[in-house]
Enquirer: 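Below are the structure tokens for one structure; questions will follow.
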Amino acid sequence: MAKLNYLNGYLPSSEWEMELTRKGFSEALLELGEENQNVVVLDADLAQSTLTKFFAEKYPERFFECGIAEADMMNTAAGLSKMGKIPYLASYSIFLSGRAWDQMRNTVDYSFCNVKIAAAHGGISVGKDGPTHQSMEDIACTQVLVNMALFLASDYWEAKKVTKALAAIEGPCYSRLGREKVPTLSSADTPWELGKANVVVDGGDGTIIANGLMLNRAILAAEALAEEGVFPRVLSMPTIKPLDTDAVLKAAGDTGGVVVCEECSIYGGLGSTVARVIGESDTLVPFKSVAIRDMYLSSGDPWELMDLAGLGVDNITAAVRDVLARRKKITAMG
Amino acid sequence: MAETMNLSHDELRELARTIRKDVIMMTNTSSSGHPGGPLSAADYSAALIANYLRVRPAEPYWPERDRYVLSNGHCSALIFSMLSRRGFFDPGYLLTFRSTPSRLQGHPNCCKLPGVEVGAGSLGQGLSVAHGMALAAKLDGQDTRVVANVGDGEMQEGNIWEAIMHAGHRQTDNLIMAVDWNDAQIDGRVKDVKRLDPVDDKLVAFHWNVRWADGHDMGEVCDAWDWAWGQLGSGKPSAILFKTIMMKDAGEKYEDIPGWHGRPPKDDEALEILKNLGYNYSSIEEARASYGEPVYTGQIPPKMSAAWADVVKAETCEIVRGG
């Protein structure tokens with residue numbers, strides 16, 4: 001097996017264990033509750049699922065069950081924030097970014113409310129509940145908001161670190177979490193900084209930028225490509241906004257091509273922003289997006305759906321080969 | 001520093017007359033805006049800002065202040081006049097309403113103007129925000145009252161009823177909802193567009209204290225506010241349904257006509273309305289000159305925007321944020 005250069009405390013796939021990103025979120029809330037009296041939590045009848053129930057049990061006076069009313073919850077959190085509280089609210093991604101978008105835009109974002117939105121069950125890997133509960137659009141819906149900081153953690157540790165960090169960021173934040181257990185790719189020591197990418201695997205044959213559970217697939221793709229003698233760089237991009245444009249352009253310049261992998265629509269996600277950043281720069285390199293192309297999926301096994309949507313490891317390796325081939329063609333043209 | 005003004009009923013009536021003048025002059029000068037609602041709400045709003053809301057105009061972010069949330073944000077001329085006449089900034093600045101660099105936006109923006117607790121414009125949102133504020137005050141053991149001003153037509157929004165259900169459930173008795181019941185919205189009478197009656201019974205069923213008041217009788221208005229302020233400890237949020245008349249005191253040609261919801265008065269109409277209010281100006285220029293310099297004299301809000309905003313021109317950023 002070809003040897004890959006894992007950096008920053010990231011692990012090869014042979015050492016992965018499975019864990020919920022929601023668990024990282026939930027544990028971070030408990031620590032925040034202890035450390036900061038201003039932290040309050042709201043949920044909309046999904047505390048059992050988002051795992052805010054543990055905060056609710058420990059700090060009942062600082063937990064606000066809002067019932068099945070996401071719009072009301074969003075604005076109640078806005079009001080709490082304007083009194084100096086740091087509200088974390090949780091529900092499913094599709095309901096928060098969809099039903100409560102007007103509240104998120106016209107109150108939370110426009111009035112610069114210090115509200116932390118935890119959007120559980122993001123992406124299509126929600127699986128068997130089907131398209132009404134799958135969320136491909138939330139990243140586009142939130143990235144466009146002027147003040148919103150936007151996060152998509154790839155594993156338990158990133159979810160925990162992001163959740164903890166949100167309390168220290170003044171302003172509205174949206175953090176997407178997933179439903180399924182996913183591999184723990186990083187460790188407690190892996191660095192985390194707002195707006196900074198991490199190099200997961202070093203390499204020079206193009207760069208794969210990924211977040212959420214697509215990061216583990218990006219690493220699997222890098223491991224597969226290594227068997228062919230192709231060594232792409234892998235970047236973890238847990239912060240979508242503000243984007244680490246320096247890391248993007250450095251990777252483009254160093255490696256000659258960029259593939260962005262994400263569990264959301266090709267429209268308005270990380271990929272579209274990375275493509276713009278590259279297009280507006282002097283580092284023009286081939287680009288490919290591995291994301292969902294205009295389709296509602298289906299009920300089904302999460303991992304089967306991911307493959308159906310074109311988010312498989314094979315799709316990523318193909319995208320890297322495509323980018324490198326286009327790079328070669330451009331170089332040959334001189 | 002006195003946190004309320006304790007004005008007499010006559011003085012409150014005079015303040016309401018001044019607010020009406022401001023609203024007419026602001027909407028006329030900017031040739032845009034909504035005069036109808038502010039004129040219906042002027043009397044009870046004058047009483048609220050002068051005698052009930054505990055605020056410190058020179059220290060607008062005083063933590064123990066009462067909170068006022070204008071949920072029907074199109075009535076922005078009302079809150080700007082209220083704040084100015086309460087001493088937050090000089091009235092000359094009112095005539096910059098709705099112009100590019102002004103802090104006085106078409107719909108209120110808390111990032112630009114102290115005294116505005118939260119932005120509003122998309123209807124139906126303010127009651128939930130006010131409820132969140134009230135819950136925070138409760139959590140901190142403060143006796144802060146939070147008042148949300150809601151339009152009657154606005155009560156057709158589902159978010160309002162979510163908030164009503166939530167506050168009733170939580171027994172949030174430091175929350176007060178004032179409804180401007182002028183029975184007029186853009187497409188006609190509220191009862192014809194989509195009926196809300198019996199709104200009082202509905203609120204009672206949602207576990208609220210409710211009372212009606214004549215929104216233009218200063219004695220009744222003050223009784224209603226006294227009543228609402230006294231509900232702390234009742235275990236229920238409180239609603240005052242103020243029966244009002246759109247464009248009240250503007251004159252027969254204007255009063256109670258839904259079309260004046262969002263139409264600014266032209267120069268001759270503004271002069272006529274001012275005359276009906278008891279202000280005799282020979283020209284609109286003379287009326288405008290009575291306001292003095294359009295300079296902002298209030299406090300500057302803290303910076304409220306993300307550090308990473310991807311703005312191309314820094315100077316554009318300063319213009320839109322600054323004023």
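So that the names make sense, note that chain A is the first sequence line, chain B the second, and so on, each numbered from 1.
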Enquirer: For B:C111 and A:Y110, which heavy atoms make the closest approach, and how far apart are they?
Expert: SG-O, 3.4 Å

Enquirer: Strictly by modelled atom types, are B:S128 and A:D72 linked by a side-chain donor-acceptor pair under 3.5 Å?
Expert: yes

Enquirer: Counting heavy atoms not belonging to A:K164, are there more than 12 under 6.0 Å from its NZ?
Expert: yes

Enquirer: What part of A:M73 gets closer than 4.5 Å to chain B, counting heavy atoms only: side chain, backbone, both or neither?
Expert: neither

Enquirer: With a 4.5 Å cut-off on heavy-atom pairs, point out which of B:G126, B:G158, B:S122 contacts chain A the most.
Expert: B:S122

Enquirer: Give the C-alpha distance, both sets of side-chain angles, the deciding distance and a yes or no for side chain to side chain donor-acceptor pair (under 3.5 Å) between B:S305 and A:N147.
Expert: CA-CA 6 Å; B:S305 59; A:N147 290 312; 5.1 Å; no

Enquirer: Side chain, backbone, both or neither: which part of B:A163 has a heavy atom under 4.5 Å from chain A?
Expert: both

Enquirer: With a 4.5 Å cut-off on heavy-atom pairs, point out which of A:N106, A:V40, A:D102 contacts chain B the most.
Expert: A:D102

Enquirer: Which bit of B:P302 is near chain A, if near means a heavy-atom gap under 4.5 Å: side chain, backbone, both or neither?
Expert: neither

Enquirer: Dump the intermediate steps for side chain to side chain contact (heavy atoms under 4.5 Å, CB included) on A:C66 and B:E162, then the final yes or no.
Expert: CA-CA 9 Å; A:C66 297; B:E162 291 182 0; over 6 Å; no

Enquirer: Just verifying a value: how many Å separate A:T76 OG1 and B:R170 CZ, rounded to the nearest 0.5 Å?
Expert: 8.5 Å

Enquirer: Between A:L194 and chain B, which part of the residue has a heavy atom less than 4.5 Å away: side chain, backbone, both or neither?
Expert: side chain

Enquirer: Heavy-atom pairs under 4.5 Å with chain A - which of B:H107, B:M165, B:K138, B:R67 has more of them than the others?
Expert: B:R67

Enquirer: Is it the backbone or the side chain of B:Q125 that comes under 4.5 Å from a heavy atom of chain A, or both, or neither?
Expert: both

Enquirer: Taking every heavy-atom pair that is under 4.5 Å apart, which of B:H166, B:H169, B:Q142, B:E117 has the most such pairs with chain A?
Expert: B:H166

Enquirer: Test your reading of the model: is there a side-chain donor-acceptor pair from A:N75 to the backbone of B:V129, 3.5 Å cut-off?
Expert: no

Enquirer: Quick one: what part of B:A134 sits under 4.5 Å from any heavy atom of chain A, side chain, backbone, both or neither?
Expert: neither

Enquirer: With a 4.5 angstrom heavy-atom cut-off, is it the side chain or the backbone of A:A149 that approaches chain B, or both, or neither?
Expert: both

Enquirer: So B:L139 and A:K85, side chain to side chain contact (heavy atoms under 4.5 Å, CB included) or not? Walk me through it.
Expert: CA-CA 10 Å; B:L139 204 54; A:K85 302 299 171 198; 4.0 Å; yes

Enquirer: Under 4.5 Å from any heavy atom of chain B, what part of A:I169 do you find: side chain, backbone, both or neither?
Expert: side chain

Enquirer: Any sub-3.5 Å donor-acceptor pair from A:S111's side-chain atoms to B:G119's backbone N or O?
Expert: yes

Enquirer: Counting only heavy atoms closer than 4.5 Å, note whether A:Q37 contacts chain B via side chain, backbone, both or neither.
Expert: neither

